[in-house]
There are 2 protein chains.
Amino acid sequence: MAKNKKTTIQDLANYANVSIGTIDRVLHNRGKVSHAKRKKVEEAIDKLDFNPNLLARTLALGRQFTVCSLFPEAVTTESYWSLPKIGVDQGVEGFRDFGMELYTYQYSLFDESSFVKNASAILDKNPSGVILAPLFEKESLEFITKLEERNIPYVFIDANIKNKKNLSYIGPDLKGSGYIAGKLLNSVLGPSDDILIVNMVKGFENSAHTAVVENGFRDYFKQNEPQTGRNINSITIPSTTEIEVNRELTTYYIKNPGTKGVFVSNSRAHIISRYHAFHRLELKVVGFDLVPGNVAELKNGNIDYIISQRPVFQGVTAVKVLFDFFVYKKSPNPIQYVPLDIIIKENVDYYINFQ
Amino acid sequence: MAKNKKTTIQDLANYANVSIGTIDRVLHNRGKVSHAKRKKVEEAIDKLDFNPNLLARTLALGRQFTVCSLFPEAVTTESYWSLPKIGVDQGVEGFRDFGMELYTYQYSLFDESSFVKNASAILDKNPSGVILAPLFEKESLEFITKLEERNIPYVFIDANIKNKKNLSYIGPDLKGSGYIAGKLLNSVLGPSDDILIVNMVKGFENSAHTAVVENGFRDYFKQNEPQTGRNINSITIPSTTEIEVNRELTTYYIKNPGTKGVFVSNSRAHIISRYHAFHRLELKVVGFDLVPGNVAELKNGNIDYIISQRPVFQGVTAVKVLFDFFVYKKSPNPIQYVPLDIIIKENVDYYINFQ
DNA sequence: TAAAAAAGTGTGTGCGCACACAAATATAAA
DNA sequence: TTTATATTTGTGTGCGCACACACTTTTTTA
């Protein structure tokens, strides 16, 4: 039903008729211990169900874990990238007394050199571990090479680069997220309604990820609605500003008035749904991420579904993975797909209010 | 960007030119301290940004937190009630070194006296806190009265009794969960398809909760589909066994062949969806909770939507709430509605596999 | 003005563990 | 047999804090 009072190394020492020094030796497998006493101590560990007190150990060791994170910059507090940062802050806060400290760095998606510069600053810090959102693939590869040279563990968050030596990838299954978006949009459309996929490329980041999402989306219709004559077109807007997005939408909708549903493969669905409302267009919209803009549009009905990839949780989990690796030498699951939450007007508040 | 090395009480003592004894006195506001030194120490606390090391404090205090949980019994490991138990186990495990220990108790939904017996056993343990799923309202009220007499804090999980002195309620917004179920079921039905609501009463537990869920469900249709001529009937089966459920379903479906959708207000949707598959009925099904039976039926398409109320998370959170109250004297939000996750075939694996 | 009481401050111990070092015992070499 | 050398085992210190207690200085009382 529960454990009795915790047993300490002193308890072990009493049981085995040795001093705590010997206990220490067998626990850490260092120094010399006679075979007989070693056996006896091992018996004590087993019989008394010894588990070292992590608090005491941490206090005694007094070591420090420095974690650096490198994400795209959050332009405003309403930006998507402020959320993973909140997550890592929160995660590290929980391990503060265990000696963990955090330095956050951010790079501009318009400027690869800012990535390089910050990556180099991180290397100068010689951290115990790194949390990286590798949106610039080439520069990220150079960075992790250097990390590996220095034996610094790193985890990817939000975006993945496959077959690397990252401790773990914590983020969405991109293809699956597109597939789910397909199912959701389809569920609110008529069988032959035309669909527009809107991709945006903010800066110079790798757009391969967006393509994977789009493929997942299209896969849904290929596999489930093969024979309908609907059009599914996609446009890629090389910006995320309202003005540019609006211009591209106008251009597209005038030429394609039959469009009934829109899938936005990033966190800017609210820009598009506001455009719809402004022009009294009754289009269905599915997008990603619970940023404030999307929440508002979800609530007033301009967005139908938001898929959330738990960005805060990603940050928290990344920190925890590093901690477990430092302290317990635990090797995590190399790919940890976060749950893809389906958010609608009716359940959005529960997600926002909790904690 | 980050905190410098953590400041200790010794650092404070050096800054304020006093001994750690005086620091201790102002920190805990005990004993006598001259005004001048108190000011100086407070300045030190502020300037050096002192935060006590919880690890050291815990170690020094050496106190013990005994937590008791009282839930309905999980008949098999596949039952719903095994999930909150997993949660509290997990939560307590994380606080083990902080002196927290857990005793779990369970009662039979067929036997109020088992509740009373276990409640009394808990009182004998004189725990620091209690986590309770108050499904027997009358007996729960008697229990919490005694807890209050003894000044033992308690939190409700999964089910709530309003206006009581529980530290917090952690669980679903029942009405909202029914409402969401309504939206989901409606989204896969034609506008005039008839609907069956299936409630089950396993034992002698309070069925008011089920009624709230049903009201939420009906509200959705009242508010959003007012003028359709569809029938929404409900039956309440006084059992959760397959045989009894099947008999009731047969009785109902023969009389109501127009039924196209079923809402199951508990975790037994899989029993009903299996019945449908067995009899080649193409009905849409919405139910609650990611128990293995529902997961399987979701995957093979017999269930369309499952709403999950994060039972494991409820357990973890309840433990955390108690811990924060014990250690930081934090009063939590009195009502913490958990997110209601919408689970479909396409995203169910992410929920199961993560961690 | 001396003794008693109160106010103010510092020191020592222990929580459970890691680690450096000292001590004791056993074995090998001289 | 004695000394040198491994091998084995025990002790002391500190991590940051809480708390008991001892000590010093001031104030009050007789």
Side-chain angles (χ1 to χ4, degrees), chain A residues 3-42 44-45 48-65 95-100 326-329, chain B residues 3-42 44-45 48-65 95-100 326-329:
Chain A
K3 304 105 194 184
N4 19 353
K5 213 133 278 158
K6 279 103 52 79
T7 85
T8 71
I9 55 173
Q10 186 59 59
D11 296 332
L12 297 181
N14 295 148
Y15 182 100
N17 279 316
V18 295
S19 75
I20 60 167
T22 299
I23 302 295
D24 183 74
R25 265 162 233 124
V26 343
L27 280 179
H28 298 91
N29 207 31
R30 60 181 161 213
K32 310 279 182 179
V33 181
S34 70
H35 185 73
K37 303 221 168 183
R38 160 160 275 133
K39 276 284 163 225
K40 191 76 183 164
V41 171
E42 281 165 353
I45 292 173
L48 302 181
D49 186 30
F50 172 76
N51 283 93
N53 184 319
L54 183 59
L55 307 196
R57 158 171 287 174
T58 301
L59 212 53
L61 284 173
R63 58 191 162 172
Q64 206 68 8
F65 305 116
F95 294 124
R96 205 181 53 89
D97 290 334
F98 290 91
M100 190 174 258
F326 296 150
V327 173
Y328 301 110
K329 303 184 190 328
Chain B
K3 303 105 193 181
N4 19 354
K5 211 135 278 157
K6 277 103 54 78
T7 86
T8 70
I9 54 173
Q10 187 59 60
D11 295 332
L12 297 181
N14 296 147
Y15 181 99
N17 277 317
V18 296
S19 74
I20 60 168
T22 299
I23 301 294
D24 182 75
R25 263 162 235 124
V26 342
L27 280 179
H28 297 91
N29 206 30
R30 60 180 162 213
K32 310 280 182 180
V33 180
S34 69
H35 186 73
K37 302 220 170 183
R38 161 160 275 132
K39 277 286 163 223
K40 190 77 184 162
V41 170
E42 280 165 354
I45 292 172
L48 302 181
D49 185 30
F50 172 75
N51 283 94
N53 184 319
L54 182 60
L55 273 49
R57 157 171 287 174
T58 301
L59 211 53
L61 284 173
R63 58 191 163 173
Q64 207 66 10
F65 304 116
F95 295 123
R96 206 181 51 91
D97 290 334
F98 290 91
M100 190 174 256
F326 296 150
V327 173
Y328 301 109
K329 302 186 190 327

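Below, chain A is the first sequence line, B the second, and so on; all start at residue 1.
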Problem set entry | With A:K39 via salt bridge (charged side-chain N to carboxylate O under 4.0 Å, His left out) - residues at least two apart |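 Salt bridge (charged side-chain N to carboxylate O under 4.0 Å, His left out) check on A:K39 returns A:E42.
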
Interatomic distance, [X] atom [atom1] to [Y] atom [atom2] [nearest 0.5 angstrom]:
X	Y	atom1	atom2	value
A:I20	A:D11	CD1	CG	11.5 Å
B:T8	B:N51	OG1	CG	12.5 Å
A:L27	A:R57	CG	CZ	8.0 Å
B:T58	B:M100	OG1	CE	11.0 Å
A:L55	B:L59	CG	CG	6.5 Å

Exercise. Base, sugar-phosphate, or nothing for A:D24, non-hydrogen atoms under 4.0 angstrom?
Worked result: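 Answer is base: heavy atoms of A:D24 come under 4.0 Å of a base.
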
Problem set entry | All side chain to side chain contact (heavy atoms under 4.5 Å, CB included) counterparts of A:N17, not counting sequence neighbours |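 For A:N17, no residue satisfies side chain to side chain contact (heavy atoms under 4.5 Å, CB included) once neighbours in sequence are set aside.
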
Problem set entry | Listed partners of B:L12 passing side chain to side chain contact (heavy atoms under 4.5 Å, CB included), at least two apart |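 B:L12 satisfies side chain to side chain contact (heavy atoms under 4.5 Å, CB included) with B:I23, B:A44, B:I45, B:L48, B:F50 only.
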
For this session: Give every residue pair that meets the salt bridge (Lys or Arg N to Asp or Glu O under 4.0 Å) criterion with at least one member in residues 14-29 of chain B, sequence neighbours excluded.
Result: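 Qualifying pairs, neighbours excluded: B:D24-B:R30.
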
Problem set entry | Residue pair A:V18 / A:R38, side-chain heavy-atom distance below 4.5 Å |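 SC-SC contact between A:V18 and A:R38 ruled out.
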
Exercise. Can you find a heavy atom in the side chain of A:F326 that is under 4.5 Å from one in the side chain of A:R63?
Worked result: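 Not in contact.
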
Problem set entry | Test ring pair (Phe, Tyr, Trp, His ring centres under 6.0 Å) applied to A:Y15 - qualifying residues, sequence neighbours left out |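 With neighbours one apart ignored, the set is empty.
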
Exercise. What pairs with B:F95 under ring pair (Phe, Tyr, Trp, His ring centres under 6.0 Å), at least two apart in sequence or on another chain?
Worked result: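 Ring pair (Phe, Tyr, Trp, His ring centres under 6.0 Å) check on B:F95 returns B:F323.
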
Exercise. In residues 32-42 of chain B, which ones come under 4.0 Å of DNA chain C, going by heavy atoms?
Worked result: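 Residues of residues 32-42 of chain B that come under 4.0 Å of DNA chain C are, in numerical order, B:K32, B:V33, B:S34, B:K37.
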
Exercise. Between B:F98 and A:F98, what is the ring plane arrangement, given parallel below 30°, perpendicular above 60°, and tilted in between?
Worked result: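 It falls in the perpendicular class, over 60°.
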
Exercise. Side chain to side chain donor-acceptor pair (under 3.5 Å) with B:D97: which residues, sequence neighbours excluded?
Worked result: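 Per chain and number, B:D97 pairs via side chain to side chain donor-acceptor pair (under 3.5 Å) with no residue.
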
For this session: State, to the nearest 10°, the angle formed by the axis through the first five base pairs of the helix from C:dT1-D:dA30 to C:dA30-D:dT1 and the axis through its last five.
Result: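 The value is 60°.
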
Exercise. Quick one: on DNA chain C, does A:Q10 or B:R25 contact a more 5' nucleotide (nearest heavy atom)?
Worked result: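 In this pair, the answer is B:R25.
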
Exercise. When you measure from every atom of DNA chain D, which of residues 13-23 of chain B have a heavy atom less than 4.0 Å away?
Worked result: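 Of all residues in residues 13-23 of chain B, none places a heavy atom under 4.0 Å from DNA chain D.
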
Exercise. Taking any atom under 4.0 angstrom from a heavy atom of chain A, which nucleotides of DNA chain C are the first and last to qualify, 5' to 3'?
Worked result: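 Endpoints of the contacted stretch of DNA chain C: C:dG16 to C:dC19.
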
Contact list (N/O, under 3.5 angstrom) for nucleotides 24-29 of chain D vs protein:
none

